[in-house]
> 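One structure coming up, written as structure tokens, with questions to follow.
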Amino acid sequence: FGTMIYDPGYYNTAVCKSQITYIDGDQGILEYRGYSIEDLAANSSFVEVAYLLIFGSLPSSNQLNLWNSKIMNHTFIHENLIQLMKSFRYDAHPMGMLISSMSAMSTFYPEANPALKGADIYKNKALMNKQIFRILGKLPTIAACAYRHRIGRPYNNPTNTLSYTENFLYMLDRLSETNYKPHPVLTRALDKLFIIHADHELNCSTATMRQIASTLVDPYSAVAGAASALYGPLHGGANEAVLRMLEQIGSVENIPSFLEAVKQKKQRLMGFGHRVYKSYDPRAKILKEVTQEVFALLGKNPLMEIATELERHALTDRYFIDRQLYPNVDFYSGIIYKTMGFPTDMFPVLFSIPRAAGWLAHWVEELSDADLRIFRPRQIYLGKRGEKYIPLENRV
Ligand code: CMC
């Protein structure tokens, strides 16, 4: 232990070797399996990108059809899980419902539980794939049920003939049995949003996924843990926090006083800053384009003016320049979701659905890694030693 390094927040610690996602934080480059995020967002569907992340190459059209149908065949959730979701309070945060439901899923699929079946089950690729189909298939259904619960409407069943994102929007919005179909512009916008959120190497939730999975627990429990990490306002909860911040700022005139409070460290500028990107986040650029596509259909969101002005002020201010703080993926995503009609507390849920593809890619990679060991960091102990025990009656 003489060589132990103190590294709070893991600024400089690599805990795995990976071939999934490449980030160059200085150049603002993001690639999944070697493909640029710009190319993937422009040309692929989210389901195709999920295949790429998990299996390492772009699918042929036969592979894509099979992969898509396997996922879509697992979109229905168990009736008991529906009962569980219905037992939440009417105003339960949808993210709390998603985390709990995912955790509960570990009890529905004991075939994936090494505690019952033995750790060797993870040598079986077909069994692992089945859990992947289930998690990717059921997450949008759980998310849609959480949303319907929140707005006090009956849950909708999935429609497996629709695309992944189309079916998700359908489950959220469908009001009757008539031929309701989500708008193709919104479906494509959501698909792009899902693509750019799908993976981001060892962000906090993915590191959590790998840490939990290193114990060989079932993937449902690991995904529930990863989703809990994502829920925090410094990670995937930031999109929700950005929206609340923009609403709190209220108008462009209030921006200078708000930024003054940030500089005095009374609050953070949410949606700004990143551990790895020290230049413009490439995902924020794509998001700006998607914003325009959604605005062209639904009209401009008034919060956009505050957001663009806030960005302009921050990018020309010494405090932010010196610390290399730029807008991250969460800065504009919330405005798009809000314009599409999502309530603010659904935002981290909308982040979790696509990020599950990344979590699962890392799960597969980790379990096939010959170097895999249980994650067990060390500490630097600064507490007392050798204290003399005082019986309760003698303590003051
Ligand atoms: N507003 C104001 N100051 C900031 C911000 C911010 N958003 N982010 C960093 N700083 C300052 C920080 O106070 C520190 O200043 P000083 O050197 O004077 O102490 C300096 O910049 C370095 O910050 P840090 O906290 O050491 O950086 P980190 O790598 O530990 O944190 C972060 C990264 C993303 C948690 C942080 O930038 C932050 O809290 N941002 C706001 C929340 C946010 O938008 N999170 C989403 C991240 S991207 C997507 C995701 O992961 O989900």
Side-chain angles (χ1 to χ4, degrees), residues 9 11 23 25 28 30 93-96 98 193 196-197 200 203-208 227-288 290-291 294 301-340 342-355:
Y11 259 80
I23 303 176
L30 170 60
H93 196 291
M95 195 61 190
L98 180 147
L193 285 159
I196 62 174
H197 283 90
H200 211 233
N203 59 90
C204 186
S205 58
T206 305
T208 305
S228 306
L230 184 135
Y231 190 9
L234 297 188
H235 185 10
N239 51 16
E240 181 174 350
V242 169
L243 224 283
R244 298 197 196 284
M245 173 189 77
L246 295 174
E247 284 169 349
Q248 180 208 331
I249 294 172
S251 81
V252 171
E253 298 81 67
N254 298 331
I255 289 176
S257 60
F258 174 81
L259 286 181
E260 218 29 67
V262 171
K263 289 194 262 180
Q264 288 168 18
K265 299 201 186 287
K266 290 185 184 151
Q267 53 200 105
R268 286 211 157 197
L269 174 51
M270 301 311 284
F272 257 68
H274 199 274
R275 175 64 61 82
V276 185
Y277 291 121
K278 299 305 170 196
S279 82
Y280 214 93
D281 184 334
R283 300 169 301 172
K285 274 190 208 137
I286 298 170
L287 275 168
K288 270 186 155 176
V290 179
T291 314
V294 172
N301 187 315
L303 291 176
M304 190 64 185
E305 195 192 349
I306 303 178
T308 3
E309 269 304 286
L310 192 54
E311 177 186 343
R312 196 180 63 75
H313 275 70
L315 292 183
T316 50
D317 188 306
R318 271 266 61 93
Y319 177 95
F320 299 93
I321 296 170
D322 288 348
R323 290 168 180 75
Q324 296 176 297
L325 301 173
Y326 292 88
N328 59 47
V329 71
D330 293 307
F331 194 68
Y332 287 106
S333 61
I335 298 180
I336 305 177
Y337 292 142
K338 196 76 186 171
T339 312
M340 287 175 76
F342 287 104
T344 309
D345 56 13
M346 274 297 283
F347 298 177
V349 169
L350 295 164
F351 195 155
S352 302
I353 298 170
R355 185 54 58 89

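Count residues from 1 along the sequence.
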> Going by the angle between their ring planes, with limits at 30° and 60°, are H197 and F351 parallel, tilted or perpendicular?
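Perpendicular, since the angle between the ring planes exceeds 60°.
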> Below 4.5 Å, heavy atoms only, C-beta onward: do T339 and M304 meet side chain to side chain?
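Sidechains of M304 and T339: no contact.
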> Which distance, rounded to the nearest 0.5 Å, do you find between the CG of L193 and the CD1 of I286?
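The distance works out to 10.0 Å.
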> For the atom pair CG (N239) and CD1 (I335), what is the distance rounded to the nearest 0.5 Å?
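Interatomic distance, N239 CG to I335 CD1, rounded to 0.5 Å: 11.5 Å.
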> Taking only Lys NZ, Arg NE, NH1 and NH2, and the carboxylate oxygens of Asp or Glu, determine whether E247 and R244 approach each other closer than 4.0 Å.
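Looking at R244 together with E247, the answer is no, because their closest N to O distance does not fall below 4.0 Å.
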> Does any part of the side chain of V294, heavy atoms only, come nearer than 4.5 Å to the side chain of N301, both counted from C-beta?
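They are not in side-chain contact.
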> What is the ring orientation for H274 with H200, classed by angle as parallel under 30°, tilted 30 to 60°, or perpendicular over 60°?
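Correct class here is perpendicular.
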> In terms of relative ring orientation, are F320 and F272 parallel, tilted or perpendicular, with 30° and 60° separating the classes?
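Plane angle over 60°, so perpendicular.
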> Test E240 against every option in M270, H93, M95 by the side chain to side chain contact (heavy atoms under 4.5 Å, CB included) rule and name the one that passes.
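Among M270, H93, M95, the one that satisfies the side chain to side chain contact (heavy atoms under 4.5 Å, CB included) with E240 is H93.
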> Nearest 0.5 Å, please: how far is NE2 in H313 from CD1 in I306?
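I306 atom CD1 to H313 atom NE2 measures 12.0 Å (nearest 0.5 Å).
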> To the nearest 0.5 Å, what is the distance between CG on N328 and CG on L269?
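Here the interatomic distance stands at 9.0 Å.
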> Can you tell me if Q267 has over 12 outside heavy atoms packed within less than 6.0 Å of its CD?
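It does: Q267 CD has more than 12 such atoms within range.
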> Run the side chain to side chain contact (heavy atoms under 4.5 Å, CB included) check on Y277 and I23 step by step: do they pass?
CA-CA 8 Å; Y277 291 121; I23 303 176; 3.5 Å; yes
> Could you tell me whether a side-chain N or O of R312 sits under 3.5 Å from a main-chain N or O of T308, the two making a donor and an acceptor?
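Not confirmed, R312 side chain does not pair with T308 backbone.
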